[in-house]
Amino acid sequence: MTVTFYLAAVVAVAATLQVIISANAVHALLSLIVSLLAVAVVFYVLGAPFAAALEAIVYAGAIMVLFAFVVMMLNLGADATRQERGWLVPAIWVGPTVLSAVLLGELVYLLRTGSAPAGGAVVSPEPVGALLFGPYVLAVELASMLLLAGLIAAFHLGRSS
Amino acid sequence: MMAGLANVFGILLVLVITAALLTWVERRLLGLWQDRLGPNRVGPAGLLQVVADMIKILFKEDWVPPFADRIGFILAPAIVMAALLLGFAAIPVTPGIGVWPVDGVGLLFILAMISLSVYSTVLGGWASNNKYAILGSLRAVAQMLSYEVFLGLSLLGVVLQARSFDLRQIVAAQAGMWFVVPQFLGFLVFMTAGIAAIHRLPFDLPEAESELTAGFHTEYSGMKFGIFFIGEYVGIVLVSAMLATLFFGGWLGPVLPPLLWFLIKTGAFVAFFILLRAALPRPRYDQLMAFGWKLLLPLALLNLMVTAAVLLAF
Amino acid sequence: MYSLLKTLWLIFLHLFHRRETIEYPERKAYLAPRWRGRIILSRDPDGEERCVACYLCAVACPVDCIALQKGELPGGRWYPEYFRINFSRCIFCGYCEDACPTYAIQLTPDFEMSEYDRRNLVYEKEDLLISGVGKYPGYSFYRVAGLAIPGKDKGQAENEEPPFDPKTLLP
């Protein structure tokens, strides 16, 4: 299981790197999907199969499809790729690298000192549901309100007037 | 360990061979329903037609169009095959046969794999760099995203009744009565959504040959096309197996051994899908969307609400 | 919704219908006598060629697949020196048969004439000529036509009156 975890983690990190440095938008998107799936595997190994399945269904299976849809609709050709290459100069990397290094430092510090729950008990769907509709019901309702508002707005904008 | 490996490769082998054989079965059955005979020349009753087709398709030129996106073009057929075959891993064939229960969320795993299979259509259409192909992928995306909603929602009734996402427990919960009786609405919605999700006729709008030449696989030929083709049949088997497992009690049944019951039920659904192809015309695109959002979604929600209310009340 | 179910049921019932397929090489379909297939040249009841090389078939042919050359026998009978039909062009429309004044060219109920080499589809006169009368037994052009040939003078054809001599006044 530990091997699986580290393998998936490496895949996730590598894929995410690919997302950042890839000049072709669709290839970047594909890498992002791989990254999400790798994260799903990490979830699964950590004992959260429900979260893993939802990650695969919702993020990789639905939201990313929409992203892909939009990117493909934009009809980005070789020009866009060249433009993107032009932007990816070393000077651009400095800021993000510093920020990421800070985050990495924090992460290493937490991992060395904190008590991270590694390989705990398997969380089945029922506790997740009970939590969502118990202590966190307000957050769920707020999120659903937001989504409803988005839905209505999309419907309004999409009407051909 | 050995038994596990035998399970894995046995199921894989049987599934792939079945999917390949289904090309022949479909043509024979379509022939029967159209008062024809269908392929009956190669081998006994035309059974070796599959082999002939395979030999032919394998010897075709493996061609990537120069204007295509190479990575995506090659990746696309692999995705559908891999995703749907992986999805089958969670299906419990009999109490003893089955690859992997996925820690009690087998149902979600299958749904995830079905939803991932849409990337093959999307990617294939986009990478082909062809206007018909991209139109096909656009349709595929909209159709998949819409019908995935009901695909999941229609199954929640079953999950509520079985109180588990685990397919073995769902089958076990049907010992008294098959879920098709209390969950008839869910069954109808799931069947429709399942056909749409694997874009099988009559919902094959992504590859509607009368308007989009061949839709997303317009540029494909040779074994890459073959993988798309076989992948579609794997999808049919997968959805049929899901229908049999979720609504018709999987391997449960009197007298006959469990394996045979599972095969009979799955086979019946496969034949039914072929009958649908033989009988029904393809709807228009807006009809498909309206049918989904205005009829199936309310039905699925109604089914879910009634099931939940009944379960809470009693 | 009801119509969908009805369609499904009716199509399902086709499972028990009779198959329309005729398994060709083993069982052959019935072809009517006037079916338009392979073209032949027939002979009259006396065994002579019916074709008089009038070129009407070649003119009528919409795809120009008929080629022939007139020849003349010592007695005045016309015949084709060569008669060539390119079956890789022929569309089996039957216009040549309609145009033929002597029933010489006829279409037969036979279509099994595939070849591996395209040149083999060009049929010469020897390939076309049959020894029978085809669809019109008993018909002989020269027996009803007014042309004088050896053994049959003017006025001796069927239903033909003796030649009228305009230079005499006698009735």
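Residue numbering restarts at 1 for every chain, and letters A, B, ... go by the order of the sequence lines.
Within a 6.0 Å sphere centred on CE of C:M113, other residues, nucleotides and ligands contribute more than 12 heavy atoms. Within a 6.0 Å sphere centred on CG of C:D117, other residues, nucleotides and ligands contribute more than 12 heavy atoms. Sparse packing is recorded around CZ of B:F184, with 12 or fewer heavy atoms of other residues, nucleotides or ligands lying under 6.0 Å away. In the displayed structure, C:E112 atom CD is contacted under 6.0 Å by more than 12 heavy atoms of other residues, nucleotides or ligands. The environment of C:Y139 atom OH is dense: over 12 non-hydrogen atoms of other residues, nucleotides or ligands sit within 6.0 angstrom.
The contact between B:L280 and chain C is made entirely by side chain atoms (from C-beta outward), counting heavy-atom distances below 4.5 Å.
With sequence neighbours excluded, the residues satisfying salt bridge (Lys or Arg N to Asp or Glu O under 4.0 Å) with C:D110 are C:R38.
Note that CG of B:L32 is 12.5 Å distant from CD1 of C:I11, once rounded to the nearest 0.5 Å.
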Please tabulate, one pair per line, the donor and acceptor atoms of chain B and chain C that lie under 3.5 Å from each other, or say none if there are none.
unit_1	atom_1	unit_2	atom_2	d
C:H14	ND1	B:D35	OD1	3.1
C:H14	ND1	B:D35	OD2	3.2
C:R19	NH1	B:L32	O	2.8
C:E20	N	B:D35	O	2.8
C:T21	OG1	B:L37	N	3.3
C:E23	OE1	B:N40	ND2	3.0
C:E23	OE1	B:R41	NH2	3.3
C:E26	OE1	B:R41	NH1	3.4
C:E26	OE1	B:R41	NH2	3.2
C:E26	OE2	B:R41	NH1	3.1

